[in-house]
Amino acid sequence: GWLELQTPPIEGNLRAVTQYLEIIRQAANALTILTNGPLTERRFLTDFAESTQALERPEMYAGLLGLLGSPQVEVSTLHDWVVDWEKDFNAIPASERPIQLHLYRRNYYLRAFEVQLNSNRPKNVLWPLLKTWLLTASSTTTNWHDVYHQVGLLGPAFSERISELDLYLEQVEEIIETWAREHGA
């Protein structure tokens with residue numbers, strides 16, 4: 001997936017964004033498993049923040065937020081996006097609804113979004129919101145496209161995100177190597 005993202009010109013599409021987020025998921029889990037178990041979708045950024053604190057590398061949490069376009073988003077915008085997400089969720093035709101977005105899971109996600117938005121780290125909602133919104137992209141006419149442009153995961157800014165991801169992955173590798181030396185692995 002990483003090599004495929006290196007092919008210019010990169011402006012992003014559904015497949016590229018999915019690969020990008022999967023690479024981020026794997027990188028975050030590579031760090032998290034040094035101190036804890038794997039990350040879950042709804043608490044991904046919350047638990048990742050705790051893991052980076054345990055590793056004494058809190059800048060990795062901030063870096064991951066940057067990779068998700070956090071600096072381009074105001075908290076009030078996140079509230080609006082949750083409303084749009086719910087509309088898109090409800091608009092998925094039954095025949096096209098992915099199992100991860102079963103109707104019974106709507107409140108499961110909405111409650112998590114609400115908790116995140118009302119926490120001291122409201123931007124932690126970005127991971128579950130962006131990840132699940134991609135699942136609506138192939139089945140409905142949704143707002144995901146505009147959202148992904150705003151956070152730089154589509155359009156010309158996507159190539160910049162790829163470069164930032166490359167640097168982030170180098171940091172992840174260095175942290176893992178240092179941890180291995182320090183813990184005799």
Visitor: Are Tyr109 and Phe89 an aromatic pair by the rule of ring centers under 6.0 Å?
Guide: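 No, ring centres 6.0 Å or more apart.
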Visitor: According to ring pair (Phe, Tyr, Trp, His ring centres under 6.0 Å), who are the partners of Phe44, at least two apart in sequence or on a separate chain?
Guide: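 Phe44: ring pair (Phe, Tyr, Trp, His ring centres under 6.0 Å) contacts with Trp127.
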Visitor: In terms of hydrophobic clustering (I, L, V, M, F, W, Y; side-chain heavy atoms under 4.5 Å; direct or indirect links), are Val115 and Trp81 co-clustered?
Guide: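 The answer is no; the residues belong to distinct hydrophobic clusters.
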Visitor: For Pro71 versus Gly66, what's the shortest heavy-atom pair and its separation?
Guide: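 Looking at all heavy atoms of both residues, the closest pair is CD-CA, 3.9 Å.
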Visitor: Between the main-chain N or O of Tyr108 and the side-chain N or O of Arg42, is there a donor-acceptor pair closer than 3.5 Å?
Guide: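 Checked: pair present.
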Visitor: Go through the structure and list residues passing side-chain hydrogen bond (donor to acceptor under 3.5 Å, both in side chains) with Asp80, not counting sequence neighbours.
Guide: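 Testing Asp80 for side-chain hydrogen bond (donor to acceptor under 3.5 Å, both in side chains), a comparison that skips the adjacent residues, returns none.
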Visitor: When you group the ILVMFWY residues by side-chain heavy-atom contacts below 4.5 Å and let the links chain together, are Trp133 and Leu14 in the same group?
Guide: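 Yes, same cluster.
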Visitor: What residue pairs, at least two apart or across chains, pass ring pair (Phe, Tyr, Trp, His ring centres under 6.0 Å) with a residue in residues 47-80?
Guide: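 Every candidate ring pair (Phe, Tyr, Trp, His ring centres under 6.0 Å) pair involving residues 47-80 fails, so no pair, neighbours aside, qualifies.
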Visitor: List the steps and the verdict of side chain to side chain donor-acceptor pair (under 3.5 Å) for Thr178 and Arg181.
Guide: CA-CA 5 Å; Thr178 300; Arg181 278 193 307 276; 3.3 Å; yes
Visitor: For the atom pair CG (Leu64) and CG (Leu68), what is the distance rounded to the nearest 0.5 Å?
Guide: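 Between atom CG of Leu64 and atom CG of Leu68 there are 5.0 Å.
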Visitor: Tell me whether the rings of Tyr148 and Trp144 are parallel (<30°), tilted (30 to 60°) or perpendicular (>60°).
Guide: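 Perpendicular.
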Visitor: Mind checking side chain to side chain contact (heavy atoms under 4.5 Å, CB included) for Glu170 and listing every partner two or more places apart, or none if nothing turns up?
Guide: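 Checked Glu170 against side chain to side chain contact (heavy atoms under 4.5 Å, CB included); matches are Asp166, Leu167.
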Visitor: Output all residues satisfying side chain to side chain contact (heavy atoms under 4.5 Å, CB included) with Glu74, sequence neighbours left out; order by chain, then residue number.
Guide: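 Side chain to side chain contact (heavy atoms under 4.5 Å, CB included) check on Glu74 returns Ser76, Thr77.
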Visitor: Who pairs with Asn107 by side chain to side chain contact (heavy atoms under 4.5 Å, CB included), at least two apart in sequence or on another chain?
Guide: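 If we apply the side chain to side chain contact (heavy atoms under 4.5 Å, CB included) test to Asn107, skipping adjacent residues, the hits are Leu110, Arg111.
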